[in-house]
A.B. asks: 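Handing you this structure, nothing more for now.
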Amino acid sequence: MLEEFENYRKTRHQETRAWKSQTGGKVLGTICCCIPEEIIHATGMLPVRLLSEHEPTLEADLHLPTNLCPYCKSWFDQLLKGKYDYLDGVVIPNVCNVVKATYGFSKYLLELPYVYFVDVPQRISSEGVEFFTNVLLDFKKSLEDFSGKQISDEALRHSIDVYNENRTLLDKVYTLRKTFPSVLSGSQAQSMVISSMLMPKEAHNRLLSRVLADIEKADKVSDKRVNLFISASILDDTDFLRLIEECGGNVIADDMPMGSRYFFGMVNSEDKPLRALAERYLAKIACPRKMLPADRLAFSFGRMEGANINGAIIHSMRACDPHLYEYPLLRQEMEHRGLPVLFFRGEETATELEQQKTDIEAFIEMLRDSVE
Amino acid sequence: MVVCGIDVGARNVSAVILNDKAILAYCVITSGEEGGSIAQRAIMEALAKTRLQFNDIQYIVTTGCGRNSVPFANRQSTEVVCQAKGAYYLFPTARTVINLGAESSRVVRLTDEGRAISFVKNDKCAAGSGLFLETMSQLLATPLELMGELSLTSDGCEEVSSICAVFAESEVISHIHRGIPKQHILVGVHKVVISKVMELLGTAGINKDVVLTGGVAKNPAIVRELEQRIGSNIIVPEEPQIVGAIGAALGASEALLSSINSRQ
């Protein structure tokens, strides 16, 4: 059953087309963790995260500069190539400069009926939450116009509950893995999170509940592999974690946007829905673009709590300025706490996996030597 | 307890035979063949300096980028761990190892007990590697082994870009066309390599004593430039190319001992 999550990611285009033909619903592509998917969900539309592919970005290269976020370039390339031909629109948030630029590119280069820019504020503050609540009100109206369906508070609360259930389930999985790494691998856990960004949430919750029941019953045997924490910018498939596993490592906790950052922090279901969403999506998502370093570090170290971690791997995508600026500080703090660090400045290509493998093997052997 | 360590590198293969942790024999040969056969040849050449036969070797550990291509090895170990073990064996005061090989350069930090505690490796640029020096040696029509000495005779320096090995190559060609003396260009070339090493040291940090290993350590201009940039002496082993193989042999010794102990 565990492989169903990874299989869904691999066959996502096919699955989404099938969903569309069965339901007649619309599909919106999203990027980043800061778009409140609940509002899209409440209209009956399906939000799907846009992902990159390990292939040359020949179409995107015609429009975008060379030294650009490989993730953005790749998903945009996929759209230009028609791989997302089922999309009815895309929603782009105001996060880093590159993501912001993709709004303009999407608006003018993609023939999509709906391209929307969600202006996520820069600062985490009460004024920021106020501002963001108004932004989300506009977003809601825009979605209502596009979908032809009014979103009641009740419908929005229901969507919040569905998403909160998903967060609770994913958090249980991560807590189990942190304490008993033998129950499931890091790549399996990550595939659960990535598939959550793609699959209809109710279906994901059902599958997750069944799998969780199984892994809770699984034998919790001792594991001799080296336990690792991974801090990363975008790793939107499980290749890198599987590589670590092949080298004898065990990723038992992370702070990744395509990992625990996606589901961390509940939306307060008691509060006014849009305000509660603004609060969660602005203040609880540990993105270096808007969160101050001390709070970001607190989030990363918080994710490690309760885990017996031997070392950390930091993976930042080339040209991901918000994460790269933070890297020296993160490394320094980790080493200060006695945690050995291995750093990669990665690409969105499979070509460098061999070189990464050499370094990961060395890191794991070094850690094993110090543990034994 | 006779064991062997083999470092199957990008350019050279070295084999070290240890008997109860004492070096019995070693050899370094230039690679170019498939890993298994050249590793076999390296062992046989080292064995020829002893009275031992191949079957007398009780455990073999391989390291280097070709470590997985030797079918008769008992185990593989990474360069980081082997360089640390080898350097500490030769110089127990070693706390930082700078390993400059043909294709990669890395800095390994050691604990007081000689264990690797952290490492950094060159990124995607080849400018800090031995292959960069080899390319420059061809461009400047100067044998690799004489580059360092010739550079040390220079009283000037022609700057070469340290951003990219390919740009550096075109710069050197333009310096040659402008009639710049070869030794001045060589000073610039060596500075490029060391500037890349300094980037690694900046990340890894430097704890004394510093040991320089790998084929590039045989270049006296590299050693001098590095000492000047670090501001202290560095230790260069008599045979800097066999440090990884020594570490692998020590790993073989430990693995054999542990397997004997577990059987008892």
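Order of the sequence lines sets the chain letters (A, B, ...), proteins ahead of strands, with each chain counted from 1.
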A.B. asks: Taking atom OH of A:Tyr325 as the centre, does the number of heavy atoms from other residues, nucleotides or ligands within less than 6.0 Å exceed 12?
C.D. replies: no

A.B. asks: Take A:Glu335 and B:Ile117 through the side-chain contact (heavy atoms from CB on, under 4.5 Å) test and state the conclusion after the steps.
C.D. replies: CA-CA 11 Å; A:Glu335 289 183 336; B:Ile117 191 163; over 6 Å; no

A.B. asks: Got a sec: does the CZ of A:Phe343 have more than 12 other heavy atoms crowding it under 6.0 Å?
C.D. replies: yes

A.B. asks: Considering only heavy atoms, which portion of A:Phe363 lies under 4.5 Å from any heavy atom of chain B: side chain, backbone, both, or neither?
C.D. replies: both

A.B. asks: Measure across A:Asp359 and B:Phe119 and return the closest heavy-atom pair with its distance rounded to 0.1 Å.
C.D. replies: O-CZ, 3.4 Å

A.B. asks: Between B:Ser118, B:Ser77, B:Cys82, which residue shows the highest count of heavy-atom pairs closer than 4.5 Å to chain A?
C.D. replies: B:Ser77

A.B. asks: Which bit of B:Val120 is near chain A, if near means a heavy-atom gap under 4.5 Å: side chain, backbone, both or neither?
C.D. replies: side chain

A.B. asks: Stepwise, does the side-chain contact (heavy atoms from CB on, under 4.5 Å) test hold for B:Val81 with A:Asp369?
C.D. replies: CA-CA 9 Å; B:Val81 167; A:Asp369 260 21; 3.7 Å; yes

A.B. asks: Please determine whether side-chain contact (heavy atoms from CB on, under 4.5 Å) holds for the pair B:Val108 and A:Met366, giving the CA-CA distance in whole Å, both sets of side-chain angles, and the decisive distance to 0.1 Å.
C.D. replies: CA-CA 10 Å; B:Val108 185; A:Met366 184 185 87; 5.8 Å; no

A.B. asks: Looking at OG1 of A:Thr358 and CG of B:Asn68, how far apart are the two atoms once the value is rounded to the nearest 0.5 Å?
C.D. replies: 9.0 Å

A.B. asks: Please flag which part of B:Arg106 lies under 4.5 Å from any non-hydrogen atom of chain A: side chain, backbone, both or neither.
C.D. replies: neither

A.B. asks: Give the minimum heavy-atom separation between A:Ala362 and B:Val80, together with the two atoms involved.
C.D. replies: CB-CG2, 3.6 Å

A.B. asks: So for A:Ile364, is it side chain, backbone, both, or neither that comes closer than 4.5 Å to the heavy atoms of chain B?
C.D. replies: neither

A.B. asks: Could you go step by step and tell me if B:Arg75 and A:Glu365 meet the salt bridge (Lys or Arg N to Asp or Glu O under 4.0 Å) rule?
C.D. replies: CA-CA 12 Å; B:Arg75 229 191 68 185; A:Glu365 190 182 14; 3.7 Å; yes

A.B. asks: For residues A:Glu361 and B:Glu79, determine if any side-chain heavy atom of one lies less than 4.5 Å from a side-chain heavy atom of the other.
C.D. replies: no

